Amino acid sequence: MQQNGQPILRDIVLIGGGHSHVGVLRRFAMRPVPGVRLTLISADTHAPYSGMLPGYVAGHYSYDDMHIDLRRLAEFAGARFISDAAIGLDREAQQVRCTSRPPVAYDYLSINIGATPQVTEVPGALEMTTPVKPISRFNARWLSLLDRIEHHRGPLRIAVVGGGAGGVELLLAMQYRLEHELRALGLDASRLEYHLFTAGAQLLPTHSSNVQRRFERVLHARGVQLHQESRITSVEKHKLVCADGQQFPADEILWVTGAGGAPWLAETGLELDESGFIKVGDTLQTISDERIFAAGDIASMVNHPREKAGVMAVRQGPPLAANLRRAVTGKPLRNFRPQRHWLALISTGDRHAVASRGATGFEGDWVWRWKDWIDRRFMRKFNDLPAMNSEPEKTEHPQVALQGDEAAQAISAIAMRCGGCGAKVGASVLSRAIGRLNTIQRDDVLLGLHDPDDAAVMRIPADKALVHSVDFFRAFIDDPYLFGRIAAVHSLSDLFAMGAEAQTATAIATVPPGLESKVEETVFQMMSGAVDALNEAGCALVGGHTGEGRELALGFAVNGLIDPETVLKKGGMRPGDVLILTKPLGTGTLFAAHAQLKTDGRWIDAALTSMAQSNQKAAECLRLHGATACTDVTGFGLIGHLVEMTRPSGVDAQIELDRLPLLPGAEETVAAGILSSLQPANVRLRRAISNQEEAIRHPRYPLAFDPQTSGGLVASVPAERAEDAVAALIDLGYAQTAIIGQVLPEGDAVGPISLV
């Protein structure tokens, strides 16, 4: 997380990780605006670069070669990354509605989500074809299609619908890849037929006749059957139907035509063109709302109509970043006039390319090498990120345009802050944020969150005992909703590990100072995530305390109810038991690496998914399968928590390091020497390991000490029930549950734990 100590005064929200927005992020990273926060909302962690898609399909590039890691780029830019899809706007409230979280507030908004295939307009196309856009969803379908083709025996007809540059490039790339793959497998590549369908009379209609003739020659030489003036009106199983009634058999169909705007844009009130693209003026502001910008394929410049092309989106990045910067600082915006013609380098699949600009066209292998150099240079700008030591522009006060009450609030936000109760977040801010939460009600809570009393009051049933625990930590990600959820899941785990039913939670939070509206929104987002997790557990939020602090932090004091005769303690392990771990290890090293921009976004996605998963069902399952002892794996790491179990149990434990479930990337970051700041303290427990000199040589040894945030449960289970327990846990969604070792009688070893 990037911390600069500046109070947040304005929010710029970016929807989509397209070519324009990656440019915006990089420019704001190099020159931040004090008091301005960027938020990127994207359902995809990795953004594809369309210029390299044909090369990827042809096998010249790997997945990582052609994708930009948005999570890492956002971290580099000091921007929040929200992994979700936008599904609507509330322009009056200035909020983005998302699929699976509360709306995200903005002061200025930019949309760069690309085009959406209009396959629903042609009957059968949605069900029977593979659309190439959005590219982020195409990859999985392409890999599946590649597998089907490689395992198909006999003749196979492959059809591409769309005669523009995208369709032609894709077909030629597929042909090149498939011929090489099939020959490598000893199969006959000549059994494949290729068909290209175009609605018009010409290929590549936006390019010169010179370029069109070149590609006609290439297609003819490659044996591709070209169907011009063949507008597809419906798609049936293994069949294309044209407007003139002709029918063409096809075994695999790719759809590279008919793209338009996302359907949800029609409900925003923004003015759209006939294809559903957002109309924008010369400043890239929408003509309907000066606080909303759009760029790339989703934008339609009313004064300068241009064809949809990745190069246009790339070139809109710098003026978009400049105008967002000027808008948020109250300066006049500048017009952007796109060039009429630009150089397009169109590949033929076989490391050969054709250059097209206006009436000019030329080709050669050297053109492909030129294109490859340009594309790789572009990608290096976003994937080879420099170490960032730059600070925001030096300024006594944030240079963001504010007026009236907002200006007064900004002065208050950056003034010297009080301590004691003077550091509380204002009552009105809290009441508004809390009032927006949808907390569950319990009959045994007599006085709770919405009562004006000094403390909560709960009823404890006569046959139950009270279980109490507390946890608190600073934010490790910039998404307050997800942070709030993980903080609540983490806090509840202590109750679940002991077999308790969660009853109530009291929150304690610190929030950086800023405008009241920004503080309220942060509190609401964070507590919404927490309340979602608490509600799922049947736990009522009954109160809390929120104060100002330099960093966002959250914790909970949680209460649970339990039958005192059935408490599952740490000290119940028995010789012969098997040890089960329900979640993978590695959060400590991964987030240490993330702070250094040395992780893959997919690794962090997997870690966050694991951390957000509650241990409630796992605890219930372990109890049903006769668990004799249990605890959750958190800050002290696996070894630290096992020591807490073996000593009171009077037993030893043997752990098989090769069987430890690990998060993706954890071995790589540990091998690179990247460890959590708590690791050295945890490693002091190595004295508990009886065969330390041998174990330390194992590459997974450091991960046994890795501190976990919202880790899984480690439990001892009778050996005869262990396999059933693991199978049941996997069925419940704890996919990496594993047997990691066994419990042994207490011996004379130096320590109670051995690692093998």
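Predicted model, so just to flag it, every value in this text is computed and none were measured.
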To the nearest 0.5 Å, how far apart are [atom1] in [X] and [atom2] in [Y]?
X: Thr609; Y: Ile604; atom1: OG1; atom2: CD1; result: 11.0 Å
X: Trp342; Y: Arg357; atom1: CH2; atom2: CZ; result: 10.0 Å
X: Trp142; Y: Leu53; atom1: CH2; atom2: CG; result: 9.5 Å
X: Phe382; Y: Leu73; atom1: CZ; atom2: CG; result: 7.0 Å
X: His67; Y: Asp600; atom1: NE2; atom2: CG; result: 11.0 Å

- Query: Run the salt bridge (Lys or Arg N to Asp or Glu O under 4.0 Å) check on Asp372 and Arg376 step by step: do they pass?
  - Reply: CA-CA 6 Å; Asp372 176 64; Arg376 290 185 183 274; 3.0 Å; yes

For residues [X] and [Y], report the shortest heavy-atom separation together with the two atoms involved.
X: Phe81; Y: Ala74; result: CB-CB, 4.0 Å
X: Leu590; Y: Ala666; result: CD2-N, 3.9 Å
X: Ala47; Y: Gly17; result: CB-O, 3.2 Å
X: Ala355; Y: Val211; result: O-CG2, 4.1 Å
X: Gly162; Y: Leu196; result: O-CD1, 3.4 Å
X: Phe197; Y: Ala159; result: CE1-CB, 3.9 Å

[X]: what forms a side chain to side chain contact (heavy atoms under 4.5 Å, CB included) with it, not counting sequence neighbours?
X: Ala719; value: Val578
X: Leu126; value: Val119, Thr120
X: Asp297; value: Ala115, Lys133, Lys308
X: Asp706; value: Thr589, Gln679, Leu703, Gln708

- Assess whether side chain to side chain contact (heavy atoms under 4.5 Å, CB included) is satisfied between Leu172 and Leu219, documenting all intermediate values. CA-CA 8 Å; Leu172 292 172; Leu219 292 169; 3.8 Å; yes

Exam field: side chain [X] to backbone [Y], donor-acceptor pair closer than 3.5 Å:
X: Arg72; Y: Gly601; value: no
X: Glu252; Y: Ile149; value: no
X: Gln202; Y: Gly200; value: no
X: Thr582; Y: Leu713; value: yes
X: Gln736; Y: Leu662; value: yes
X: Ser144; Y: Ala140; value: no
X: Gln613; Y: Gly733; value: yes
X: Thr99; Y: Ala85; value: yes
X: Asp84; Y: Cys98; value: no
X: Ser614; Y: Gln616; value: yes

- Query: How are the rings of Tyr63 and Tyr56 set to each other: parallel, tilted or perpendicular (split at 30° and 60°)?
  - Reply: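 It falls in the perpendicular class, over 60°.
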
- Query: Can you list the steps and then say if Asp64 with His46 is a side-chain hydrogen bond (donor to acceptor under 3.5 Å, both in side chains)?
  - Reply: CA-CA 9 Å; Asp64 288 331; His46 289 75; 4.8 Å; no

- Which of these, Arg214, His207, Arg213, sits in a side-chain hydrogen bond (donor to acceptor under 3.5 Å, both in side chains) with Asn210?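 Between Asn210 and the candidates, side-chain hydrogen bond (donor to acceptor under 3.5 Å, both in side chains) is satisfied uniquely by Arg214.
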
- Query: Do we see a donor-acceptor contact under 3.5 Å between the side chains of Ser347 and Glu169?
  - Reply: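 Short answer, yes.
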
- Flag yes if more than 12 heavy atoms outside His698 fall under 6.0 Å of its NE2 atom; otherwise flag no.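 Yes - once you tally the heavy atoms of other residues, nucleotides and ligands closer than 6.0 Å, there are more than 12.
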
- Message: If the test is side chain to side chain contact (heavy atoms under 4.5 Å, CB included), which one of Thr257, Val256, Leu254 qualifies with Val161?
- Response: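 When side chain to side chain contact (heavy atoms under 4.5 Å, CB included) is applied between Val161 and each of Thr257, Val256, Leu254, only Thr257 qualifies.
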
- Dump the intermediate steps for side-chain hydrogen bond (donor to acceptor under 3.5 Å, both in side chains) on Glu307 and Thr206, then the final yes or no. CA-CA 8 Å; Glu307 66 174 292; Thr206 60; 3.3 Å; yes

- Item | Any pair counted as salt bridge (Lys or Arg N to Asp or Glu O under 4.0 Å), so long as it reaches residues 187-210, sequence neighbours left out |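 Not a single pair qualifies under salt bridge (Lys or Arg N to Asp or Glu O under 4.0 Å).
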
- Return each pair, listed once, that meets salt bridge (Lys or Arg N to Asp or Glu O under 4.0 Å) where at least one residue sits in residues 138-147; pairs must be two or more places apart or across chains.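 Residue pairs passing salt bridge (Lys or Arg N to Asp or Glu O under 4.0 Å), neighbours aside: none found.
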
Who are the ring pair (Phe, Tyr, Trp, His ring centres under 6.0 Å) partners of [X], not counting sequence neighbours?
X: Tyr176; result: His60, His180
X: Tyr49; result: His19, Phe378
X: Trp370; result: none

List the atom pairs, donor and acceptor, that lie under 3.5 Å between side-chain atoms in residues 238-251 and the rest of the protein, sequence neighbours left out.
residue: Lys239; atom: NZ; partner: Gln247; partner atom: OE1; Å: 3.2
residue: Asp244; atom: OD1; partner: Gln246; partner atom: N; Å: 3.0
residue: Asp244; atom: OD2; partner: Gln246; partner atom: NE2; Å: 2.8
residue: Asp251; atom: OD2; partner: Arg157; partner atom: N; Å: 2.7

- Side-chain heavy-atom pair Thr669, Lys598 within 4.5 angstrom cut-off: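 Sidechains of Lys598 and Thr669: no contact.
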
- Message: Quick one, Lys583 and Ser710 - any side-chain contact, counting heavy atoms below 4.5 Å?
- Response: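 Yes, side chains in contact.
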
- For Asp724, enumerate each residue passing the side-chain hydrogen bond (donor to acceptor under 3.5 Å, both in side chains) test, keeping only those at least two apart in sequence or located in another chain.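 Partners of Asp724 under the side-chain hydrogen bond (donor to acceptor under 3.5 Å, both in side chains) test: none.
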
- Task: State which residues pass side-chain hydrogen bond (donor to acceptor under 3.5 Å, both in side chains) with Asp479; sequence neighbours excluded, sorted by chain then number.
- Result: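 Asp479 satisfies side-chain hydrogen bond (donor to acceptor under 3.5 Å, both in side chains) with Arg101 only.
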
- Run the numbers on Arg485 and Glu536 for salt bridge (Lys or Arg N to Asp or Glu O under 4.0 Å), then give the verdict. CA-CA 11 Å; Arg485 178 179 179 85; Glu536 290 168 12; 2.9 Å; yes

- Query: Any ion pair linking Glu75 and Arg71 (charged N to carboxylate O, less than 4.0 Å)?
  - Reply: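 Looking at Arg71 and Glu75, the cut-off is not met.
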
- Does the pair Lys371/Asp375 count as a salt bridge with the N-to-O cut at 4.0 Å?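 Looking at Asp375 together with Lys371, the answer is yes, because their closest N to O distance falls below 4.0 Å.
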
- Please assess Thr348 against Asp350 for the test side-chain hydrogen bond (donor to acceptor under 3.5 Å, both in side chains), listing each intermediate value before the final yes or no. CA-CA 6 Å; Thr348 59; Asp350 54 351; 2.6 Å; yes

